[in-house]
Each structure stands twice: as structure tokens, then as C-alpha cells.
There are 2 protein chains.
Amino acid sequence: MARKQGSHAETTGPRIRDAALRLFAQHGYAAVSMRQIAREVGVQAGALYLYTPDKQTLLYDLMRAHLEHLLGHLQLPDAAPEAQLEAFCRHHIRYHIDRPELVFIAYMELRNLETGNFAAIEALRHQYEDRLQTILKAGQASGDFALADSKLATMAIIAMLTGVNTWYREGGRLSRADVEAIYWDMVRKAVTA
Amino acid sequence: MARKQGSHAETTGPRIRDAALRLFAQHGYAAVSMRQIAREVGVQAGALYLYTPDKQTLLYDLMRAHLEHLLGHLQLPDAAPEAQLEAFCRHHIRYHIDRPELVFIAYMELRNLETGNFAAIEALRHQYEDRLQTILKAGQASGDFALADSKLATMAIIAMLTGVNTWYREGGRLSRADVEAIYWDMVRKAVTA
DNA sequence: AGAGGATATGAACAGTCGTTCAATTCATCT
DNA sequence: AGATGAATTGAACGACTGTTCATATCCTCT
């Protein structure tokens, strides 16, 4: 007994990642079984292993793709620190609003990564944080920003911006442009001299 | 076969909650088995059920106790909005620094609560958020604060402050008083007119 | 000394877990 | 038409899951 329909090799892979993403975000990595993912895709559990070596890699690939995409799309203008910071904030919020499930997983499931995978993801995360801290330090040096501690300010800003995903829902009271503007205003005031 | 030593009724209960707290925080609720918790306490799995009706209640009780404690200890001075906001921020940071594992669980394991338990926890969380939003609205009314949106500012401030637990480690570069002061400075600037 | 209750054990239950693999089906190519 | 190989099934593996319960032990009270 095998396939009931034609071949689906090109679509099954992405559909597995989509289902895993959705289910991991909803119930958590540990609470989701390979059989649940398979059912969602409309396939038997064994078939998943044609597309991923194991469950752990399924999680790791989702997280790595997310962080590489986040880093790759961060384009900062060759401008003053304040303009760079604005670009960073708007990029961060926009990206997070567009991919709530990926963002959620990348933060929540860190502890379910095996040692080597965890280190790789953490390295990417630090790269991203460093981009922000570099901006803040430049602003300190130029006198544009007044910060007691650039590392702490980095973490505070990222936490604040990422928090948008705890409440923002598409079609709500505020548009994405509103949200960007309001958050940027608070960040600007918090760091400005 | 049964107990090897004397009775431990008064200590076993708390030790189970401690072990559950630590293990849930480290590996996640779904990834921790009752047998792991029992092993940590030095007891067989069956004995856990003398102290909790089931695993779910173990989680729920931890989260409820945490939020009730957080709310119960929030004493705001009868003063101007800025002084109230400072008290709120310092309380929040202090509380979070002191109980990183409880805070972590209360946020991360929301999705593992059954419907009724989830609603109860969410109600407590909203109560806490409302305390902050009330301060912010008062500041808006008095002209002390300049906020585009008090609800959004509430969420932004809480996210920023809670983020302290992603990086703060006891005995690190900054003292708890330093951290409180730096965060409060950023919040004050972000909301001030 | 003996009874009674609180505390704990350890085996058992039925179910689920991630993963493997021989067998099977289908599309494509010759 | 027949062969090839990719795609998939479904059964099976041993291990582990939360929970229950008869049984056993120890402390306390009489």
C-alpha cells in the first residue's frame, strides 16, 4: 500500500514545515507529535522522514531560517545614528508583525534545542543584537544618545519591540504604520540625550 | 514496601513544587515527566498524587501563586503619576529578578493550561496590566505624560521590564539597584511629556 | 502493646512517543 | 510494454507517558 494520488514531492516538504511551524507555535515543540504533523499534512508519520532526519532538525531548520532571514533583510541606511535606529526599529516591528509564529518559536523553543543547535541559533541572535548595539554606541559617541549602558539599552529596546507580538492582531484598532510610529516615538525619547 | 525513613509530609509538598518549578522552567512543562519530578524529590511517581490531583494542577498552582503574589505585593504610593510609575517599575524589576523561574513559567507555559485555568491566569495578568495602565492614564490626564496610546505604552513598558530576565544574572556586571535605575530612567524618558 | 491514619512504594494500565523499514504504488523514461 | 526510482504506506520496535491502587511501612495516640 502506498500513495493514493500522484507525486507531491515538491509540495510535501514545505507543507510539513508549515504544519510544524503552526503546531509548534500553538502547542509547543514537546507537546506536538510527529503523527500530529503528519495528519495535518495528510500523510503517514513515516513519510516525514523523507524530508527531515528527525523532529529536532525540523525545529532547528525553522529557527535558523527565521534568524537568517531576519538578519539578511536588515538594511540600515548610511546615515546618522538616529535614522539608523529608526530603520532598525521599524524593520524589527514590521518583521515581527508579519511572522508572529516564527518569532514565537524562535524565542520559546530555545530550550528544546540540542546543544550544538542551540549554540548556532544563539550566535545568530547575538549577531542581530550586535547590529543594534553598534548603532547605540555610535549615537553615544556622537552625543545624539544618552544611555547609561548600551548593552542594557539594546536588550531593553529589543524586548520592548518584540513584545508587540503579545498583543498585536491583524485588523485591530491600530494599523501597522501606527504601531511602528508609536513604538519608534517611545524608543526615540528613551534614548535621546 | 514503603517508606524507608520517617515521615516527610510537611516537606514533601513544597519540595515537589520546587522541583516542578525548576524542571518546568528548564525543559518546559510538556517535556517534563512526573517521574522526573519524583526522582528530583527522591520519591516514587505515585507519591506525587498525594500532593497534587494531577500534573496540570501542579502547573496551574505555580502560576496562580506567582501572579497572586505579584499583585499582592504591589504597593503604590498615594502620589503623583510619575512617582507611582517609578514604584511600579522598580517593583516589577525587583520581583522579576528575584523569581526568574516563576516569571518564565508564567509566560511560557500559558498555552499548556487547560481552558478554565488559562482564563483564571489571564484575568490575574490583566489585573496587573490594568494597574499600570491606570497610572499612565492619570499621567496623561495631568499632563505629566505624553503618550500616543496608553494601552500600547502599557504593553511596551511591561515587555521592556520583563525582558530583564533574558540577560540579568546574579553577580554580574550590574547590581540590582543599577538595573532598576537604568530601566526606570529609560521608562521615564519614554513617557514624559 | 496495639490500633489507626498518614505517607510511600512499586507494579500495573492503556495509550502515545520518535523512528525504522519492507512492501507497495505511481510517474516517468526507454 | 517494461524497467527504474522516487514517494508513500502501515506495521512494528522498545521506550516512555500520566495515573491508579493494593500493599507496606512508620508515626502518633491511646
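Any value given below was found using the heavy atoms of this structure, including those in side chains, with hydrogens, waters and symmetry copies removed. Every value quoted in this text rests on a predicted model; they were computed, and no experiment measured them. Chain naming here is simple, since letters A, B, ... match the order of the sequence lines and numbering starts at 1 in each.
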Enquirer: Let's see if you get this right: which residues in residues 17-33 of chain B place a heavy atom under 4.0 Å from DNA chain D?
Expert: Val32(B), Ser33(B)
Enquirer: Within residues 34-47 of chain B, which residues have any heavy atom lying less than 4.0 Å from an atom of DNA chain C?
Expert: Arg35(B), Val43(B), Gln44(B), Gly46(B), Ala47(B)
Enquirer: Taking the minimum atom-to-atom distance to the side chain of Tyr49(B), which one of dT19(C), dT19(D), dA7(D) wins?
Expert: dT19(D)
Enquirer: Measure CG/Leu50(A) against C1'/dT20(C) and give the value in whole Å, please.
Expert: 12 Å
Enquirer: Is the shortest side-chain N to carboxylate O distance from Asp61(B) to Arg64(B) below 4.0 Å?
Expert: yes
Enquirer: Starting from P on dG18(D), measure out to CD on Gln56(B) and report it in whole angstrom.
Expert: 12 Å
Enquirer: Does Asn165(A) reach the main-chain N or O of His96(A) with its side chain, forming a donor-acceptor pair under 3.5 Å?
Expert: yes
Enquirer: Give a yes or no on whether the backbone of Pro77(B) and the side-chain of Gln84(B) come within a donor-acceptor separation of less than 3.5 Å.
Expert: yes
Enquirer: Checking the side chain of Thr162(A) only, and the main-chain atoms of Ala159(A) only, is there a donor and an acceptor separated by less than 3.5 Å?
Expert: no
Enquirer: For the side chain of Arg131(B) and the backbone of His126(B), is there at least one donor-acceptor N/O pair under 3.5 Å apart?
Expert: no
Enquirer: Can you check the Leu59(A) CG to dG18(C) C1' distance for me, whole Å?
Expert: 15 Å
Enquirer: So, Gln133(A) and Ser150(A): side-chain donor and acceptor under 3.5 Å apart, yes or no?
Expert: yes
Enquirer: Does Tyr51(B) put a side-chain nitrogen or oxygen below 4.0 Å from OP1 or OP2 of dA8(C)?
Expert: yes
Enquirer: Let me see the working for Tyr95(A) and His66(A) under ring-ring contact (aromatic ring centres under 6.0 Å, His included), right down to the final yes or no.
Expert: CA-CA 10 Å; Tyr95(A) 193 96; His66(A) 160 59; 5.6 Å; yes
Enquirer: Roughly how many Å is it from CG in Leu48(A) to P in dG18(C), rounded to a whole number?
Expert: 10 Å
Enquirer: Using a cut-off of strictly less than 4.0 Å, decide whether Thr12(B) has a side-chain nitrogen or oxygen near OP1 or OP2 of dT7(C).
Expert: no
Enquirer: From CG of Asp54(A) over to C1' of dT19(C), roughly how many Å is that when rounded to an integer?
Expert: 9 Å
Enquirer: Quick one: sort the His91(A) and Tyr128(A) rings into parallel, tilted or perpendicular, breaks at 30° and 60°.
Expert: tilted
Enquirer: Checking Gln56(A) side chain against Asn112(A) main chain: does a donor-acceptor pair fall under 3.5 Å?
Expert: yes
